[in-house]
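What follows is a single structure, written as structure tokens, with notes after it.
Just so we're clear, the structure is a prediction, and the values are computed from it rather than from any experiment. Only heavy atoms go into these numbers, but all of them, side chains included; no hydrogens, no water, no symmetry mates. Letters go in sequence order (proteins before strands), and every chain restarts at 1.
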Amino acid sequence: MTNKELADVFTLVGDLLEIKGEVVYKTLAYRKAAESLTNLGRDVKYVWEEGKLTDIPGVGKAIAEKIDELLRTGKLEYLEKLQKDVPAELAELLSIPDLGPKKVGLFYKELGLKSIAALKQAAEEGKLRDLPGMGPKSEAKILDGIESLSRRSGRTPLGDAWPFAQGLLAKLRKVQGVVAAEAAGSLRRMRPTVGDVDILVAAKEPDKVSKAFVEDEGVARVLGHGAIKSSVEYHNGMRAQLWVHAPERFGTALQYATGSKDHNVRTRELAISMGLSLSDQAIFRTDDSEILCATEEEVYKTIGLPWIPPELREDRGEVQAAKEGKLPNLIETKNIRAELHCHTTWSDGKLSILEMAEAAKLRGYKTLAITDHSYSLGIANGLSVERLQEQRKEIEAARKKLGDSLLLLHGTEMEIRADGSLDFPDEILAWLDIVIASLHTGIRQPREKSTQRMLSAINNPHVDIIAHPTNRLLPDREGADLDMDAIFSAAADMGTALEINANPKRLDLDDVYARRAIELGIPLVINTDAHHPDHMDFIDFGVATARRGWVEAKNVINTNTPKQINSWLSGRG
DNA sequence: GCCGTTTTCGGCCCGACTGTTTTCAGTCG
């Protein structure tokens, strides 16, 4: 079983316990363990073999035993017993907005409702309104929720939510009396996908802001409208929430709304240990007097910490690191001085070699690698050896025009074929300036096979970079099933760089793997994989992913000068 | 169910909003 599959089992257990009405902390414990397994960054199997399961945060004796049982047998007796009281289907009902465990439990107990379809029918027949705590409005709300569920496609990729939120912020900043407006929540933490867009505004007259927010032309439904908090759903299915606070409380409010929830638990604990209480309104002393914070810097300073960048706020050790003055010096977009992965009209790109070079220069880059696809990727017009040699002539011509202004490297994004063989022989790879290898096809192969394919590329001394290692596509296509520990180990041995692909559909390596990679001393590259100059804008998403993985500029090859990059390449095969 | 430089037992963040009530329960973030 994969970490994700184990995590899904524990998430389900948590959901069912909640519906059953167990003490809420038991539910939270299972969810915490699921979260930890997802964020482990290495196959839990190795931790299991080392007998160190309880070293995983949130995993104690009971959950460790359950992991052991699942890894040995693939089953969990505890879950099977639990399902006698609470069928697993009920967990699905929790995905309906405004429907929680108590009501799901009530509907099952009183009416035997197990599926969304059955619930919908009961609501339409007016059977829910007479249950305790229910009424006509609640019944209608459930039907609304079921309908919105069918419209929503789950989480929104960061690449869609970010520009949408920027547009929204621009409108809100124009509202009279608005002092500041910022995105918060998972969007500000730059998670690869976001659920809702959280917006925080500092204003003296909250009413005007929330009115403008709910009356915006894009709004399809108003889900809530209060003095402090409002939420809406837009016609595109996206949802946003707005909090409005007084300017002098903006710092505590922004810190609170940015989360993550687990990070906030840590900061609150720290506040409590200092005799303070941290809320979205203010920091309270024991005598209930307030410390107002207009900025986040003041919030963190009050609890004895330096400001923590939002990308780190996931409760992955950042509070401890901040306490010890050991926060990483995170990479920034301005540190990027090279693009080492792009396409031209020679394969499936939109512009010529020279046009891409000019675009790179405009961004201030000093190095550009032209890396068109190789011939196995027929759909992208991949290059044969002959066409690759033809392309070299055009590269040479472009170099003459560019002079010293840009180091133009001739490379390839070479297919790792389904049988693990590579598209070009070693002498061609040696002749190229830079070699990227990647998987595009056969990504549903079994783990053993996929891993072997990757290893055959990494262990070739001419391969410099592995692009988008798992080949996932957000929000829905999972990556190849890979033994990442084996891949990291080989990359570390060979000094092969792993790419963080900045395309918001990819963001691959993800943050967790990026962090693991740098811990093992593996060089990273952040590339946009541009098929058009506009795609070079994606670099911000790639850098954000790196920052979430605690990556510093020194870990990333393309923060280097042309001379340093050449020297790295010539030291390799 | 997890966790511990005050605790191996007793905590575990808590406030806004909605719809149901007539002071509160459920849901959400």
Side-chain angles (χ1 to χ4, degrees), chain A residues 10 13-14 17-19 21-36 53-67 78 82 93-107 128-142 144-145 184-189 194-200 206 210 214 222-232 239-245 249 252-253 255-273 275-284 315 320 323:
Chain A
F10 291 128
V13 169
L17 287 172
E18 191 176 29
I19 295 168
E22 264 289 358
V23 285
V24 64
Y25 298 110
K26 204 185 256 198
T27 291
L28 292 174
Y30 278 102
R31 290 193 183 142
K32 168 74 185 165
E35 186 76 20
S36 261
L53 285 176
T54 52
D55 285 1
I56 300 170
V59 175
K61 188 163 170 284
I63 292 182
E65 280 170 6
K66 292 183 175 73
I67 294 174
Y78 176 76
L82 182 59
L93 299 183
L94 293 177
S95 63
I96 299 170
D98 298 319
L99 185 57
K102 291 285 166 21
K103 285 189 177 155
V104 169
L106 177 75
F107 299 155
L128 302 182
R129 60 181 66 189
D130 296 329
L131 294 171
M134 291 289 296
K137 279 191 180 174
S138 301
E139 196 175 65
K141 213 169 168 183
I142 284 171
D144 266 3
S186 53
L187 187 65
R188 183 159 181 248
R189 304 198 312 278
V194 302
D196 300 346
V197 172
D198 297 309
I199 301 285
L200 201 70
S210 58
V214 300
V222 178
L223 306 167
H225 186 188
I228 292 171
K229 190 177 142 186
S230 304
S231 59
V232 298
R239 289 184 171 202
Q241 327 208 42
L242 172 80
W243 284 274
V244 189
H245 286 264
R249 300 181 190 273
T252 41
Q255 197 278 332
Y256 173 84
T258 297
S260 66
K261 202 189 282 182
D262 290 333
H263 173 83
N264 286 357
V265 168
R266 293 277 169 252
T267 52
R268 274 155 199 275
E269 279 172 1
L270 194 55
I272 289 166
S273 74
L276 299 169
S277 162
L278 180 56
S279 88
D280 58 337
Q281 294 292 325
I283 298 173
F284 294 92
D315 188 26
Q320 189 62 30
K323 245 192 249 178

Taking 4.0 Å as the cut-off, does a side-chain nitrogen or oxygen of A:Lys26 come that near to OP1 or OP2 on B:dC12? no
Find the distance A:Ile283:CD1 to B:dC14:P and express it as a whole number of Å. 15 Å
Quick check: do A:Thr252 and A:Ile283 have side-chain heavy atoms less than 4.5 Å from each other? yes
Separation of A:Leu53 atom CG from B:dG1 atom P, in whole Å? 16 Å
Could you identify which residues of residues 56-63 of chain A place a heavy atom less than 4.0 Å from some atom of DNA chain B, listed by residue number, or say none? A:Pro57, A:Gly58, A:Val59, A:Gly60, A:Lys61, A:Ala62, A:Ile63
Without decimals, in angstroms, what is the distance between A:Leu242 CG and B:dA16 P? 15 Å
Determine the Euclidean distance between corresponding P atoms of B:dT5 and B:dG1; express it in Å to zero decimal places. 23 Å
Note, A:Ser210 side chain near A:Leu242 side chain (heavy atom, < 4.5 Å): yes
Kindly indicate whether the side chain of A:Gln255, heavy atoms from C-beta on, has any atom under 4.5 Å from the side chain of A:His263. yes
Roughly how far apart, to the nearest Å, are B:dC28 and B:dT20 at atom P? 16 Å
Enumerate the protein-to-nucleotides 5-7 of chain B contacts in which both atoms are nitrogen or oxygen and the separation is below 3.5 Å.
none

With sequence neighbours left out, the residues meeting side-chain contact (heavy atoms from CB on, under 4.5 Å) with A:Ala271 are A:Leu276, A:Leu278, A:Ile303
Determine whether a donor-acceptor pair (N or O, by modelled atom type, separation under 3.5 Å) exists between the side chain of A:Arg239 and the backbone of A:Asp196. no
Rounded to the nearest 0.5 Å, how far does CD1 of A:Ile19 lie from CZ of A:Phe107? 12.0 Å
Which part of the nucleic acid does A:Ala227 contact within heavy-atom distance under 4.0 Å: base, sugar-phosphate only, or nothing? sugar-phosphate
My understanding is that a pair needs two contacts under 3.5 Å, Watson-Crick or G-U wobble. By that rule, which nucleotide pairs with B:dT8? none
Are A:Tyr25 and B:dG1 close enough that a side-chain N or O sits under 4.0 Å from OP1 or OP2? no
In whole Å, what separates the C1' atom of B:dC9 from that of B:dC14? 24 Å
Rounded to whole angstrom units, what separation is found between the CE atom of A:Met134 and the P atom of B:dT21? 10 Å
Answer with base, sugar-phosphate or nothing: what part of the nucleic acid does A:Lys32 contact at a heavy-atom distance below 4.0 Å? nothing
In whole angstrom, what separates A:Leu28's CG from B:dC3's P? 14 Å
Does a nitrogen or oxygen in the side chain of A:Ser138 sit under 4.0 Å from OP1 or OP2 of B:dT20? yes
Which value, in whole Å, describes the distance between the P atoms of nucleotides B:dC2 and B:dT6? 23 Å
With sequence neighbours excluded, what pairs up with A:Tyr256 under the side-chain contact (heavy atoms from CB on, under 4.5 Å) test? A:Asn264, A:Arg268, A:Asp280
If only atom types and distance count, is the side chain of A:Ser36 paired as donor or acceptor with the main-chain N or O of A:Pro57 below 3.5 Å? yes
Take atom C1' in B:dC17 and the same atom in B:dC12, then report the distance between them in whole Å. 24 Å
Mind checking the C1' distance from B:dC3 to B:dT8? Whole angstroms is fine. 9 Å
Between C1' on B:dT18 and CD on A:Glu139, what's the gap in Å once rounded to a whole number? 16 Å
Applying side-chain contact (heavy atoms from CB on, under 4.5 Å), can you list everything that pairs with A:Thr258, at least two apart in sequence or on another chain? A:Ala184, A:Arg188, A:Arg189, A:Leu254, A:Glu296, A:Pro310, A:Arg313
Please figure out whether A:Gly133 or A:Ile272 has its closest DNA chain B nucleotide nearer the 5' end. A:Ile272
Less than 4.5 Å apart, side chain to side chain, heavy atoms only: is that true for A:Ser138 and A:Leu131? no
Short N-O contact, A:Lys261 and A:Glu35, less than 4.0 angstrom: no
Any side-chain heavy-atom pair from A:Asp315 and A:Lys32 closer than 4.5 angstrom? yes
Atom-to-atom span, CD of A:Gln320 to P of B:dC3 - whole angstrom: 15 Å
A:Asp262 CG to B:dC2 C1', straight-line distance once rounded to whole Å: 13 Å
Once rounded to the nearest 0.5 Å, what's the spacing between atom CG of A:Leu17 and atom NZ of A:Lys26? 6.5 Å
Each nucleotide of nucleotides 23-29 of chain B classed B (base within 4.0 Å of a protein heavy atom), S (only sugar-phosphate) or -, in 5' to 3' order, makes ---SSSB
Separation of the C1' atoms in B:dT21 and B:dA25, to the nearest angstrom: 9 Å
